[in-house]
Amino acid sequence: MPATDNFRWNQKTLNVVFAASSVLLLASVIVMMKQDQADEWKVYQRTNFKLDATVRKADLSIIESAEFKQQQAALEAQVEEAARALEERRKTDADLFAEQESLQRKVDALEIELKFKNSDRDEARAQYDLAVRDALPADQFQARFDAYRAKQDLSDATRVDLDAAKAALAIKNNDVKAITADYDALVAEREKLNFEAERVRAAVEKIEPSNLVSSWKRAMMELPVIDGFNSHLRIVQDWMPRLSQTLGMAEIARFDRCRSCHQNIDRTSGTGGPAFPAGHPTTANVEDWVKEDKFPQPYSTHPNTALFCTASSPHPVAKFGCTICHDGQGSGTSFGNAEHTPNDPHIAHEWHGEYGFHPNHFWEYPMQPSRFAESTCIKCHHSVTELGVNPEFGASAPKVFKGYQLIQKYGCYGCHEMYGFDAGVAIGPDMRLEPQTEEEATRIAADPTQVAGKMRKVGPSLRHIASKTTASWIEYWTEIPQRFRPSTKMPQFFALADHLGKDDAQHTKQFEAAELAGISAVLLGASQPIDLLAPKDGYVADVERGKKLFSERGCMACHQHTAVPGNTADFGPNISDIHLKILRNSDDASSSDWLYTWIREPERYHKRTRMPNLYLDAYLDVDGTTEIDPAADIAAFLLNQGEPGVYPAVEVNDEELDNLVSLYLEKTRFSKSGARGIISSGSFPQKQADVVGDEQALASEDGLAVADAAAWRQKKLEYVGRKTIARYGCYACHDMPGYELSRPIGVALQDWGRKDTSKLGFEHIEEFLHHHGEPADSKFASTTERVRTANQKAEAGGAEAGLFTEEEEAQEMSASFFYDSIQRHGRAGFAWQKLRAPRSYDYQKTETKGYDERLRMPKFPLKEDEIEAIATFVLGLVADPPAEEYVYTPDERAKNRIEGEFLLAKYNCTGCHIVDLPAITFAADLEQITATEISAADHENGLELLLKMRPPQQALTGETRKVVIDDEKKTLHFATVHGLIASRPDPEEDPEFREHGFDLWATADFGTGEDMKRMLPGSRLIVPDAQMVKYTEPRGGAFAEWLVENLMESKTGGNRSLAWQASPPPLYQEGFKVQTPWLYQFLLEPTKIRYTTVLRMPRFNMSVEEAKILANYFAALDGAPFPYQENAPSNVDYLATTEGELVHAGLLGEDGSYLKESWKLLNGPLCVKCHSLGGRKFKVSDPAKDIQGPNLNVVQNRLRADWLKLWLYKPTWITPYTSMPVNYPKNNTTQFPDMFNGDPDAQINATRDALLNYTRLMEDLGPTSYAPPTAPSGEAAPPDSAKSDNAAGAEE
Amino acid sequence: MKSSNKILVLGLLASFAGCSEYSGGAYVVPEVTFVPAETTGAAAESVGDVADEPIEVASPGTFTGKVVLVGGGSGLPPLIAKGADVKDKDVCAAVDVPDERLVLGIGNGVANVFIYLAKAPKNFKPLEAPTDPFLFDQKNCRFLPHCVVIPTGQTVKVLSDDSVAHNTHTYPNKNQGVNSGVAPGDREGKLEFVYRKSEAQPLSVKCDYHTWMTAYHLPLDHPFAAVTDADGGFTIADLPAGKHTFTVWHEAVDGNFVERKLVVDIQPGAATDMQIELSADKLKL
């Protein structure tokens, strides 16, 4: 139809157009629906179903092995056979079966009948009840009751019939059962055999149905709209309403849909490990994945199922979700939407190809790249320590823990506050400085909403520095600390000129010279006087002895010194150079009272020093006359290493000094000409007392001009020095007079992990890195070039193609990651470059800002991996703790453990003491392992106690190694035991005969059941060198181990046991050993306990609170009661009961007093051989060699009852190296035959109880002596008992 | 031939290990006989089906000689002089207690030197442990004997002739150490122990109550060892002929080895005599 007035368009054409467009519309709708249906997660789920089926089929093939099939066929045959036999019996015993059937019918019929009768009866009863309600006349009432009775009788009669029929049926059933029993049993067995296979088959059938109908049904369920009705393809969603997240300004509940793709994330295998271990299989074929047992993302299981995701782990996925740890967009159901973050640009590139990845700036919390995966742990784990040291899970987040340790080491919190609390609520790791003044401490203690910081300033005190060193050394040191001591942790503030132009650098150097001289002027000017100690007049220090004492008295637990090589302690500085810097006595350059005082009484110089008091008091040598002053000897040894160092004072250009003074004055309130006037006239317009601020340094007391040019110059230097100290915040690390209340100068870091990136001053950093950024000895001209090279190598195949070593690849791709982050203005990149070259952000900025406005952050001697660890920690500081129930709140025991662990590190307890024993893994030939023999001298009661305290641990790890020895194939089992080295392989020996010796400290079981061999603590284990697999160093005790090796040479003639007795003891199971209140007291004021050691436990600057925590720590670690424990043996009831039992057993006379007898026994001629006891002193025979045990008067407060008893049973069970012998062997009843009837077990108990009632007995009974009656046989019996008595008496 | 040797040796080892499972008391000692070399050298060739008919040794040799101190030196004064003020002096200082670190005899012969094969000769069957216990005594706070070779597997019983308590503390390298009290006048030997393994060097035995008391035990699984007598003389008999490497060990020598590897060629049926010199400047006293 042509266009007319009525029709603007040709209708026919329109019809065509409409038809076409509707077809197009339909097509596009279909396409849209199809695309909408083709979600990524569905693809993953389909693949995962395939994977699941494959795994199950693989399982099925294992279940249905040839053997299984054989068994199945055999069973099937048996079933058939039995069925045939049964059929036969049915014929022969037809009557029986018929009877059974008829009886069954009868029972059925009667059951129905009974039901009818019962309902009749119920109806009659209801009628009766109605009669009661309606108060019917008596006759009607009776009639209804009779009717009910009649019905009830009928019912009862039927029930009797039924019971009889049932009884008869039961008899017949039994008869039938006897005939069918075989068949039934076989059928049950068949079902049992097939059950597991059937179950797996059913599971496979569900995923991959074999019949068409089911397949079709399954396919239908995937169709659009229908898939909304419980389809097998569905979003998996974890909903955590209390674990909210912030989106923009709103707090909303957290939905994590990550498991829609990561379906196997929490699936464990039968043994508890991951069911789908992560890996990179060689093909994309799921069958191959199963074969290789490697599964790619997103099909793999979480790598640490013990800790995460599974229901039994501390972080079940249903409670925690995924994004609380990983960040990212939990509601996203595609790779892109989930906000995955690549670990380096090369991976980003790969992802771009594979998933179309591109970074999304609009999601605030993209997923953490794997390098920062541990960052988020500290959101909930505010104490951090448990992430690094954990008895259950080991080091679960080692990188963030390392960052934490580094921050502690370098004292970052001095400048950058890291508040752990906000209005009394924990918001993150608390790393604030401790209160700096008494007033501050008191104020915080009085305020219940405040928690005091606990970090000490990391640098030494400068309060009395004039007594310690010289101005020139201060300047030399401060300018570039590493120049003097390469291992120092003091950062570099000066001479950082890489980012400056040549002229600027020159000028800066001039200013810095003035600043350095200023600093030393201020420090020495403000230095307060101190009373130094000095050795006795005329004392001649012995350098050689000093060296010996230096190595033996504990200095090397923290320090290194090149003159005594071999240890690697770095808790304190390496002091090989100390002779260069220390101020020596003016009258005698070979001694330094400062050094003497510092060694002898460190807290005199610095109240909060980390250096403990080592009790280096003067003592008499073994000859009894020569006095030795160990501090003087050690000082002499240290000073004797060389002449004092000579350091030129920095040259200060007076003009530049004036410029600097002018610059600061102008910043204060003076005009340029005013400032110049002050400088030229030497007169500050106010009296000193009227001036507030650093200008005090320029003002004179009387307000008059300073006439003396040198004095005025000094004033100017002090002024510049004070300005510099304030600008650089030196007091952040050092205790300095006048700066006690100064505030930190850096940016607070407690929420830096969420800091708005627009507030980070990137300035010209890209430009800088384009031209500079690498150290002078680097092969790259700039960081840009370095990163470009790294990326190219990664593109070309990286380490796999041999272009890098694995280590290099990790390091270079890290650099590439951070560089990329800088380009995107990310926090990580900013922090990285800030720690690498802090001043580089001033590149080409110094021209437009004042000298005093330049960046102040110093350069720390950090390696790149350390920087990454610190970044991991700092990025985790978000001050955004989740709901209370998610924040890790340890119970009392765990809390003490964690806080104690922190203190172990703070006071370097682990420098001296082993806290975790070494683990020895070896390939054991089980035939060669000999179980510990129990001899006639060992007490069963003791053994029981031992196994309670040190329960057996399975030594066999489950791993094996097949070897051929003398053509014989053998299987060696890997075993891990815990103990100390007893002997090392002899290098002179032929390799095949080299052996390691170990003394076990923990009970080890090899195997289980009847074949189990048990090695008790104290057993010697010999491991051929060839069978050693791994020796894991102990935690702590490096100094003790070093000292042992040293003493074996110098003191004990190769005897390792004696050397250990002279060294700091391992603290294995210290919690079971000592009473907590005693340990608390001991930590605050360590008394001398051992006489065999060459050193003493020092006294640390520990608060009472810290001592309490540390004392509790050991008990908490071992699961022993704390903080109080009952001392049962001093309990009156216990004593009365024990006495009664002993009398009853005939071990104590009717009129005997248990405690009195015990005291007598303790004072017998045995304990006193090695211990001072009961008023009698240890008898010295040879002071150099005597083995004197600890004084016994401290036992009652020091040791726990059970431990002490075990110790008396057999000391080597507890401490294999001890000299304490078994004093009461079980088979020896003749030692004290008149005591407790000679019973050694009772004697042990009595000795223990006497020790634990020591003070009471000493008070009540006083010094006592006891001599046993003459030895029963032998020619050399003592002349008479009286004589022996005298002998004992003579020792009193 | 060779493999049958191995089986035999393994068998012997196994039976020996078997007997080591017992502790104290009766020992089950397998009925095996030592089969030395047929002729010189090739000991391996000599062992055939020996379990049934042991082949007699043709002619073993003897190693004999004397250890003498050269370059001066003299014996030491008593360690504890009679009446000295030491612990338990009524017993310990009742007589002069000699300092046994260096005991010299006629012609400067050095007593208490251990001379032994560090390892049993090849194919040597493990020693049959004596069923009688070895009695290790102490008198006047002195161990008796001061130096002794003890066969592995033999029970050591510790006696005491003193009226004061002692303790016996052994410091072995490969064996289980012992540290136990010994009651005064224990002539019965309640404390007993066994060395299960050969040691490479003598081990010290000490009393922690009286720290000057020291003895040395050398547990060995073969008999080719001697301790020099009062005049420094020693004899090791029944050695299979051929070259042997002896260790010569003395407590007072710096590093303990007089000779770490002394190679001696033992002639069949003859005595090889040797004077071993100990230089006085090697002593560490």
Side-chain angles (χ1 to χ4, degrees), chain A residues 927-928 930 932-937 966-968 982-983 986 988-989 993 995 997 999 1018-1020 1022 1053-1057 1165-1166 1169-1170 1179-1182 1185-1187 1211-1212 1216 1218-1225 1227-1228 1230-1231 1268 1270-1279 1283-1284 1287, chain B residues 3 6 10 14 17 20-21 23-25 80 84-92 118-119 139-140 159-165 167-169 171-188 190-194 196-197 200 204 206 208-212 256 260-261:
Chain A
E927 284 169 25
Q928 298 291 320
T930 41
T932 306
E933 295 170 21
I934 305 299
S935 81
D966 286 347
D967 301 332
E968 197 188 348
S983 62
D986 181 356
E988 302 264 315
E989 189 59 275
F993 294 111
E995 291 174 328
D999 277 336
S1019 303
R1020 178 68 49 89
I1022 301 293
N1055 188 318
R1056 192 176 290 271
S1057 295
L1166 197 57
K1169 286 229 186 306
C1170 296
K1179 171 70 190 165
V1180 177
S1181 300
D1182 177 353
K1185 283 192 178 156
D1186 278 344
I1187 294 174
T1212 47
T1218 184
S1219 271
M1220 166 97 170
V1222 177
N1223 282 305
Y1224 303 100
N1227 60 348
N1228 191 344
T1230 57
Q1231 180 140 263
T1270 333
S1273 65
E1275 309 121 48
K1283 176 121 191 246
S1284 212
Chain B
S3 66
K6 273 175 191 144
L10 279 172
S20 74
E21 294 295 318
S23 66
I80 309 279
D85 183 23
V86 293
K87 203 188 278 183
D88 297 323
K89 64 179 174 185
D90 287 353
V91 176
C92 298
K119 281 185 268 298
K139 189 176 173 66
N140 293 120
L159 312 182
S160 170
D161 209 1
D162 287 339
S163 61
V164 295
N167 83 314
T168 300
H169 193 169
Y171 293 94
N173 244 342
K174 301 185 181 181
N175 287 281
Q176 187 61 48
V178 170
N179 183 10
S180 187
V182 178
D186 180 357
R187 304 308 299 159
E188 214 178 307
K190 296 264 191 203
L191 171 59
E192 52 180 43
F193 57 88
V194 180
R196 300 284 180 212
K197 291 178 179 154
S204 61
K206 287 178 166 293
D208 297 303
Y209 302 157
H210 312 100
T211 42
W212 63 88
N256 291 131
R260 176 130 204 194
K261 285 177 178 167

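With respect to A/E995 and B/K197, no salt bridge is recorded, no charged nitrogen being found less than 4.0 Å from a carboxylate O. Taking 4.0 Å as the cut-off between side-chain N and carboxylate O, B/D208 and A/K1169 do not count as a salt-bridged pair.
Listed here is the closest heavy atom pair of A/S1181 and B/K87: OG-N, 2.9 Å. The two atoms that bring B/A183 and A/N1228 nearest to each other are CB-ND2, 3.4 Å, heavy atoms only. The nearest pair of heavy atoms linking A/P1221 to B/G181 is CB-N, 4.1 Å. Nearest heavy-atom pair, B/P172 versus A/R1020, reported as atom, atom and distance to 0.1 Å: O-NH1, 2.7 Å. Taking both residues in full, the closest heavy atoms of A/A982 and B/N173 are given as O-OD1, 4.4 Å, listed atom of the first, atom of the second, then distance.
If you take CD1 on A/I1187 and NE2 on B/H169, they are separated by 8.0 Å, rounding to the nearest 0.5 Å. Taken to the nearest 0.5 Å, the CD atom of B/Q176 stands 9.5 Å off from the CD1 atom of A/I1022. Between the SG atom of A/C1170 and the CG atom of B/N167 there is a distance of 7.0 Å, given to the nearest 0.5 Å. In this structure, B/Y209 OH and A/D1186 CG are separated by 14.5 Å, a value rounded to the nearest 0.5 Å.
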side-chain contact (heavy atoms from CB on, under 4.5 Å) between B/K206 and A/K1185, worked out: CA-CA 12 Å; B/K206 287 178 166 293; A/K1185 283 192 178 156; 6.0 Å; no
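B/V182 touches chain A through its backbone: at least one of N, CA, C or O sits under 4.5 Å from a heavy atom, while the side chain does not. Heavy atoms closer than 4.5 Å to chain B are found in the backbone of A/T1218, but not in its side chain. For a residue to count as touching a neighbouring chain, one of its non-hydrogen atoms must lie under 4.5 Å from one of that chain's; by this rule A/D986 touches chain B with the side chain only. Heavy atoms of B/D85 lying under 4.5 Å from chain A belong to its backbone as well as its side chain.
Under a 3.5 Å cut-off, the side chain of B/R260 and the backbone N or O of A/E988 do not form any donor-acceptor pair.
The residue among A/A936, A/S1219, A/S983 with the most heavy atom pairs within less than 4.5 Å of chain B is A/S1219. Per-residue counts of heavy-atom pairs under 4.5 Å with chain A were compared for B/K89, B/H210, B/K119; the largest is that of B/K119.
Among residues two or more places apart in sequence or in another chain, the side chain to side chain contact (heavy atoms under 4.5 Å, CB included) test is passed with A/A937 by A/S935, A/P1225, A/N1227.
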